[in-house]
Amino acid sequence: MDKAVIARREPFLPGRLVEYAGITIKPAGTANRISLRAPQTSLAMLSEKLGLDLPQRPKSSTTKGTRSALWLGPDEWLVIDEEVADLAGICSEVSVLHSAVDISHRHAAIIVSGSCAEDVLNAGCPQNLSLGSFPRGAVSRTIFGKAEIVLWRRQEHEFRVECWRSFADYVFGLLEAAARAPQ
């Protein structure tokens, strides 16, 4: 029996780009993602197989090459890779207790960058995003407007907003409206 293959259409928000003084908002490129759940006793083997240390501190992330692991809870990570497609398959090669579910088709990502990025994000996110409170590498599951997001500060003036695809247009539209408002 032949296996059906569904091609993913990327980027999810084609042609969307916002550029104003101090702010750029654009869809992120193609990425593969897994939701990884595992107890403390499984982390060493999973980290070794994934090729990066799974972060164990709240609000932290680790990156090696094109792969990043974002801490979402004491036993939960979002693992993102811009090149390797079968992250769940990699994890299946480890015989320790864990759950690795491919969520690539569920998520979309938006890059918010520039000197006004914090202000634009704070228009819909209640967290303190100042560099002192939310430094480079910080990650948080939070809200933007009425949508749940995962917010990741990749650089001083660059954030990655991960959200469900069904909310991507809503989140992008709110970010665009906030960017148009006087800073």
Side-chain angles (χ1 to χ4, degrees), residues 5-14 16-17 24-115 117-118 121 129 131 134-142 148-165 168 171-172 175:
V5 177
I6 298 172
R8 185 173 354 151
R9 293 174 294 173
E10 292 285 351
F12 184 69
L13 299 161
R16 302 284 294 267
L17 175 66
T24 300
I25 304 167
K26 63 184 181 180
T30 302
N32 300 290
R33 303 161 181 89
I34 59 170
S35 172
L36 180 62
R37 303 290 303 256
Q40 182 72 30
T41 55
S42 300
L43 299 187
M45 289 187 76
L46 285 165
S47 291
E48 183 179 334
K49 194 64 178 174
L50 286 167
L52 79 165
D53 291 331
L54 292 168
Q56 296 181 44
R57 285 183 302 107
K59 290 186 158 183
S60 64
S61 65
T62 56
T63 299
K64 188 170 185 183
T66 60
R67 186 168 301 158
S68 298
L70 315 181
W71 186 94
L72 298 181
D75 67 348
E76 183 179 8
W77 296 265
L78 174 61
V79 181
I80 303 170
D81 196 308
E82 297 168 359
E83 291 179 1
V84 176
D86 193 12
L87 293 170
I90 290 171
C91 291
S92 72
E93 297 172 8
V94 178
S95 61
V96 295
L97 181 62
H98 72 282
S99 169
V101 178
D102 189 317
I103 59 169
S104 302
H105 286 70
R106 180 180 84 182
H107 275 231
I110 301 166
I111 304 298
V112 181
S113 60
S115 59
E118 283 176 24
L121 285 162
L129 299 178
L131 197 54
F134 202 80
R136 183 179 180 267
V139 175
S140 179
R141 186 180 328 206
T142 185
E148 181 181 313
I149 64 169
V150 173
L151 184 61
W152 175 24
R153 181 179 223 136
R154 293 172 26 148
Q155 301 293 332
E156 181 176 350
H157 297 293
E158 181 185 283
F159 294 82
R160 182 181 181 104
V161 177
E162 289 274 335
C163 63
W164 284 27
R165 284 178 181 265
V171 170
F172 199 98
L175 288 165

Please answer whether the main-chain N or O of L50 pairs with a side-chain N or O of R67 as donor and acceptor at a distance below 3.5 Å. yes
Do you know the tightest heavy-atom contact between N32 and S104? CA-OG, 3.2 Å
When you measure from the side chain of R165 to the backbone N and O of H105, does any donor-acceptor pair fall under 3.5 Å? yes
Here the pair of heavy atoms bringing L36 nearest to C91 is CD1-SG, 4.3 Å
Flag, side chain of R153 to backbone of E156, donor-acceptor distance under 3.5 Å: yes
Nearest heavy-atom approach of L17 to F172 is N-CZ, 4.1 Å
Under 6.0 Å from the CD atom of E82, do we count more than 12 heavy atoms belonging to anything else shown? yes
Check: Q155 main-chain N/O paired with R136 side-chain donor or acceptor under 3.5 Å: no
Answer whether the closest heavy-atom distance between the side chains of R154 and F159 falls below 4.5 Å. no
Compare every heavy atom of R33 with every heavy atom of A108, then report the nearest pair and how far apart it is. C-NH2, 4.0 Å
Quick one: closest heavy-atom pair of P39 and L97, and the distance? CD-O, 3.3 Å
D86 atom CG, over 12 foreign heavy atoms within 6.0 Å: yes
Do V79 and D81 come close enough that some side-chain heavy atom pair is under 4.5 Å? no
Which heavy-atom pair separates E76 from S35 by the least distance, and what is that distance? OE2-OG, 4.3 Å
When you measure from the side chain of W71 to the backbone of V139, do you find a donor-acceptor pair of N or O atoms at a distance under 3.5 Å? no
Indicate yes or no for a side-chain donor-acceptor contact from T62 to the backbone of L54 under 3.5 Å, with no hydrogens or angles considered. no
